[in-house]
Structures are given as C-alpha cells and as structure tokens.
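Encoded as structure tokens, the structure appears first; notes follow it.
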Amino acid sequence: MRMVGLTGGIASGKSTVSRQLQAQGIPVIDADKVAQAVLRKNTWGWRRVVAVFGNGILQENGEVDRAKLGEIVFSDAAKRKQLNRAMEPCIMSGLFYEILKHWILGTSVVVLDVPLLFEAKIDWLTRPIIVVWVDDLTQETRLMARDNSSKEQARNRITSQLPLDVKRARADIVIDNSGSLEQTKVLVNELKKTITAPPSWKELLFSRFGVAAMVIGIISITAARLQ
Ligand SMILES: CC(C)(COP(=O)(O)OP(=O)(O)OC[C@H]1O[C@@H](n2cnc3c(N)ncnc32)[C@H](O)[C@@H]1O)[C@@H](O)C(=O)NCCC(=O)NCCS
Ligand SMILES: Nc1ncnc2c1ncn2[C@@H]1O[C@H](COP(=O)(O)OP(=O)(O)OP(=O)(O)O)[C@@H](O)[C@H]1O
C-alpha cells in the first residue's frame, strides 16, 4: 500500500486538496478527525489531557472546550508541548488503526492528511510527500476569514508550526494553492496521476517496512501504558 503524505500549514488548503482527491476516489485519512475523536469525553486522550490541563478546559457536558484549549495552547509554546505530549500516542494509535483498516482491505493508495507530519517526525512513513503551500499573506487572510479570528490569533496559530517555506523545501511535490480553487483543481488532477502510478518494488518494500515499524511502535506504547 502506498502511503502518500499530505501536509502544509494551518489554512494552507490541505482539506481543500483532500476533498478534491476524495472526489476522484482517493481514500484519505484525516489526522485532525482522528485528533478530534481521541479527545471525546472519557476516551484515553481525554483523560490524559484533563490530567494535564484540569477540569477548567471542560464544558458543562464534560466535553473539551476546544476554543478554550486552543486559546491556551496556541499562545503558549510550553503548554502546546504538554498537549502534544499528552495526545501524540493517542493520535498515533488512531492513525495506525485507520492505516491498518486500509491495509487489510487491500487499498493500493491512501493519503495521510497530517498537518504536523514533519513536526511529529512521521514524514519518513509517507512517499511522496505533498505540501500544500500558500504565500504568508494569503494564509493569514484565509485563516482569519475561516475561523473569524483576529490577526493576533491567526499569527499565533501560524507561528506554532514549522514555517511553511521550510515544509515546502522538504516536499516531494508542492501544490501552490495561492490561486483560485479551479487552478488548484487542475494541479490536483495531475497529482492524482502521479500518486496512482504503479509502485516500484523499492516503494512496496518501504511501505511494508513502514507499517511493520508502526506495529512495533504501537505495541511498545501499549506495553508501556499497561505497566
Ligand atoms: C487545540 C485544539 C483542541 C484546538 O481545536 P480547534 O478546533 O480550534 O482546531 P483544529 O483541531 O480544527 O485544528 C486546526 C489546525 O490547527 C493546527 N494544529 C492543531 N494542533 C496543533 C498543534 N498542537 N501544534 C500546531 N498546530 C496545530 C493544524 O493545522 C490543524 O489543522 C486542537 O487543535 C487539538 O486538539 N490539537 C492537538 C492535536 C493535534 O496535534 N492535532 C493535529 C493533528 S496532527
Ligand atoms: N484556492 C482557494 N481559494 C480561495 N479560498 C480557498 C482556497 N483554498 C482554500 N480556501 C479556503 O481557505 C480556508 C482554509 O482552507 P482549508 O480548510 O482547506 O485549510 P487546511 O490546510 O485544511 O486548514 P487546517 O490546517 O486548519 O486544517 C478555507 O476557508 C477554504 O475554503
């Protein structure tokens, strides 16, 4: 199974590209959705996060107040590190579960939409790596418009990630999403051809190795948790 990495900066257009790929029949695993699931009330992730941040981040119904937690972690690098440390094993397990489902089903190409692919150092698992890029001003403007946020809130979120130009430099393929949606669609059509081209033997071996390494990783995390 070919595992294609899809990443970029906040509001650079990963979900937009992901939707266009899905419309062409390419399966996508969305790490943001996995992260949301592992933060639901009474889950393993919820317990770990509440243990670190306390009940003050909860709504009356016991669910995490995402806006409140976001305000805390996107304006304080140390708190963000604590959140990442608490959630990382849960997100990794969730991603692994989704990958395993596709592997068992015999999916030939799956796209992993992971905003923090480089930051979490899991880029080695995926090939090719696609970075959805936009210029800084477009990123800020789109983020503010989408989240109805202030310039300060948008800058806090943008600077909490590896700079988008650094990600672009590490990409195998760059999708420039600074133009119109129609222009991006044309680029995504070309992208589909590239990622669905028949895999080489080297690629096949790499993917099997990646999945095997993840199995070992998850077993180690689970074993450490049970101790
Ligand atoms: C802090 C939370 C609750 C804020 O929720 P909110 O609904 O406002 O944002 P949402 O989840 O939609 O994330 C929007 C974008 O923020 C960026 N982002 C999210 N978490 C982080 C982080 N820890 N560091 C840097 N950027 C992040 C990503 O680009 C993501 O696509 C949420 O982002 C979260 O649980 N983050 C930690 C989990 C995580 O690392 N997610 C990224 C998946 S790899
Ligand atoms: N080419 C485009 N032209 C105009 N608007 C766009 C374009 N691409 C994306 N957008 C808009 O920009 C915003 C951010 O896009 P999107 O949600 O796809 O980004 P993202 O990278 O998935 O964000 P996040 O990191 O928060 O998950 C959305 O409101 C989207 O509709």
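All heavy atoms count here, side chains included; hydrogens, waters and symmetry mates do not. Residue numbers count from 1 along this sequence.
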Quick one: list whatever passes side-chain contact (heavy atoms from CB on, under 4.5 Å) with E182, sequence neighbours left out.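 Result, side-chain contact (heavy atoms from CB on, under 4.5 Å) vs E182: S180, K185.
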Quick one: list whatever passes side-chain contact (heavy atoms from CB on, under 4.5 Å) with T16, sequence neighbours left out. R19, Q20, L181
With rounding to the nearest 0.5 Å, note down the distance linking [atom1] in [X] to [atom2] in [Y].
X    : Y    : atom1 : atom2 : result
I99  : I104 : CD1   : CD1   : 12.0 Å
R168 : S12  : CZ    : OG    : 12.0 Å
E98  : K33  : CD    : NZ    : 10.0 Å
S150 : M144 : OG    : CE    : 7.0 Å

Side chains of [X] and [Y] in contact at under 4.5 Å (non-hydrogen atoms):
X    : Y    : value
R66  : L69  : no
L39  : V49  : yes
R170 : F118 : yes
P115 : D32  : yes

So the salt bridge (charged side-chain N to carboxylate O under 4.0 Å, His left out) pairs with at least one residue in residues 131-150 (sequence neighbours excluded) are D136-R155, E140-K151, E140-R155
D123 to R127 - nearest heavy-atom pair and separation: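 That closest heavy-atom pairing would be O-NH1, 3.7 Å.
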Could you report the tightest heavy-atom contact between R47 and N42, atom names first, then the distance?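 Here R47 and N42 meet closest at NH1-O, 3.0 Å.
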Donor-acceptor pairs under 3.5 Å, side chain of residues 77-97 to any protein atom, not counting sequence neighbours: which ones?
residue: R80; atom: NH1; partner: V73; partner atom: O; Å: 3.0
residue: S93; atom: OG; partner: P89; partner atom: O; Å: 2.7

Can you give each donor-acceptor pair under 3.5 Å made by side-chain atoms of residues 57-65, sequence neighbours left out, with the distance rounded to 0.1 Å?
residue: Q59; atom: NE2; partner: V64; partner atom: O; Å: 3.1
residue: N61; atom: OD1; partner: E63; partner atom: N; Å: 2.9
residue: E63; atom: OE1; partner: K41; partner atom: N; Å: 3.1
residue: D65; atom: OD1; partner: A67; partner atom: N; Å: 3.3
residue: D65; atom: OD1; partner: K68; partner atom: N; Å: 3.2

Distance-only side-chain donor-acceptor flag, N177 / T184, under 3.5 Å: yes
Where the side chain of [X] meets the backbone of [Y], is there a donor-acceptor pair that is under 3.5 Å apart?
X    : Y    : value
T107 : V110 : no
S75  : E71  : yes
T126 : I129 : no

Does the pair K167 and E119 meet the rule for a salt bridge (charged side-chain N to carboxylate O under 4.0 Å, His left out), with working shown? CA-CA 10 Å; K167 293 187 181 183; E119 290 91 335; 2.9 Å; yes
Which residues pass the side-chain hydrogen bond (donor to acceptor under 3.5 Å, both in side chains) test with D172, not counting sequence neighbours? none
